[in-house]
Amino acid sequence: MSTATALAHPNIALIKYWGKRDVPRNLPAVPSLSLTLSGFQTTTTVVWGARADELLLNDRAGSDTETRKVMDLLDRLDPARPPCQVISRNNFPTGAGLASSASAFAALAVAASEARGGPPLTRRDLSALARQGSGSACRSLWGGFAVWRVGTRDDGSDSVGEPLAPAEHWDVVMVIGVVSTATKAVGSTEGMERSRHTSPLYPTWVAQASDDLEEGIAAVRDRDLDRLGRAMEASTFKMHAVMQTSHPPLLYWQPGTVAALHAVWALRADGVSAWVTMDAGPQVKVLCAASDASQVAQALQPHVVDVHTLRPGGAARRIE
Ligand code: DP6
């Protein structure tokens, strides 16, 4: 029996991933760019060699589906593995559009490979492993800004998270307005497939994605917040247009979401460089300079149940 504990942070996409070219391997139809955030984290312990497979998630037994997804990742790492116990905790809401699956599978990949022992996996291999649990998790293997390209290989070995710039590169923050902590009605995996099969906008979304990515990368390299903000909002609203034109429509926003984004735009009209993004949930995430964070938090406050200001964070790592 051996044990390892790892910590990983969620990441929020600045240029979005929505759609797969290969569902079982979680290979994306579009490339994406993300920012890993400190403050929110998943801590996961893997006991390699237990009496039976078991998942404890936030101090309760994992559901059958959750347990299956976790054990599938361990099977991919080692098809001849012993039964394992996995104990995972998030210090933020799970399954509510706050990227908990990204930090969860990144922490699991690191903890499992360390608990197993043997020759260490490269970051790329860990990223590929995490990706098969949840696509966006492959970006949380890196701190700061990370890119995930579509790749061309069928086995997905060239579609992993890659570092663009470390957390120290740029003094920006994400101010997260939590509109609701309810678990989302339609998960990302199901939602993406629905969009691929039914949204008339999906082909355009895929066709424009490489240009959107390059715009985002250039803006990060130049530390140009207005340019990055414009690219991020454009990618966000294009993705939500694809979601909303799926059948049946995927509307992840709540009234508070719309109120919060108008509040941010009003602030921007007053000269604050603050930019919104939303994922598969109602939360509003605002990218801005660290020095503008408290003003942004104040603008969000009346429309949300909670506000968190998160700085860029580090890579997934072993802690015990
Ligand atoms: C809207 O990575 O959760 O947050 O690969 O099916 O597990 P699966 O999906 P997931 O999707 C994230 C979608 C998004 C945008 C993004 O993070 O890029």
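Indexing begins at 1, ligand by ligand and atom by atom, following the structure's order. Index from 1, following the sequence.
- Thr122 and Asp125 share a donor-acceptor pair across their side chains, judged by distance under 3.5 Å alone.
- Of all the atoms in ligand 1, the ones that sit under 4.0 Å from a non-hydrogen atom of Ser188 are 3 (O), 9 (O), 10 (P), 11 (O).
- Around the CZ atom of Arg311, the shell of radius 6.0 Å holds no more than 12 heavy atoms that belong to other residues, nucleotides or ligands.
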Pair Thr236-Thr277, side-chain hydrogen bond (donor to acceptor under 3.5 Å, both in side chains): steps then yes or no: CA-CA 6 Å; Thr236 298; Thr277 188; 2.7 Å; yes
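- In this structure, a donor-acceptor pair under 3.5 Å is absent between the side chains of Trp48 and Thr3.
- Checked by distance only, ligand 1 and Lys69 stay at 3.5 Å or farther apart across all their nitrogen or oxygen atoms.
- The aromatic rings of Trp265 and Phe237 sit tilted relative to each other, their planes meeting at an angle between 30° and 60°.
- For atom 4 (O) of ligand 1, the nearest non-hydrogen atom of the protein is Asp279 OD1, 3.5 Å.
- Of the protein's heavy atoms, Met192 CE, 3.2 Å lies nearest to atom 11 (O) of ligand 1.
- By the 30° and 60° cut-offs, the orientation of the rings of His240 relative to Trp253 is tilted.
- Judged by a 6.0 Å distance limit and a 45° cone about the ring axis, Arg131 is not positioned over the six-membered ring of Trp148.
- At a heavy-atom distance under 4.0 Å, only side-chain atoms of Asn26, from C-beta outward, approach ligand 1.
- Ligand 1 places these atoms under 4.0 Å from at least one heavy atom of Thr189: 6 (O), 7 (O), 8 (P).
- The closest protein non-hydrogen atom to atom 8 (P) of ligand 1 is Lys20 NZ, 3.3 Å.
- Salt bridge Glu162/Arg123: absent, no basic N to carboxylate O contact under 4.0 Å.
- Side-chain contact check for Arg194 and Thr198: no donor-acceptor pair (N or O, by modelled atom type) lies under 3.5 Å.
- Below 4.0 Å from some heavy atom of Gly135 lie the following atoms of ligand 1, by number and element: 2 (O), 5 (O), 7 (O), 8 (P).
- Nearest protein heavy-atom neighbour of atom 2 (O) of ligand 1: Ser136 OG, 2.6 Å.
- Listed by number with element, the atoms of ligand 1 under 4.0 angstrom from any heavy atom of Ala13 are 16 (C), 17 (O), 18 (O).
- Between Arg139 and ligand 1 there is a heavy-atom distance shorter than 4.0 Å.
- Taking every non-hydrogen atom of Ser101 and a distance limit under 4.0 Å, the qualifying atoms of ligand 1 come out as 3 (O).
- For atom 15 (C) of ligand 1, the closest heavy atom belonging to the protein is Tyr17 O, 3.3 Å.
- Protein heavy atom nearest atom 7 (O) of ligand 1, with residue, atom name and distance: Ser134 OG, 2.7 Å.
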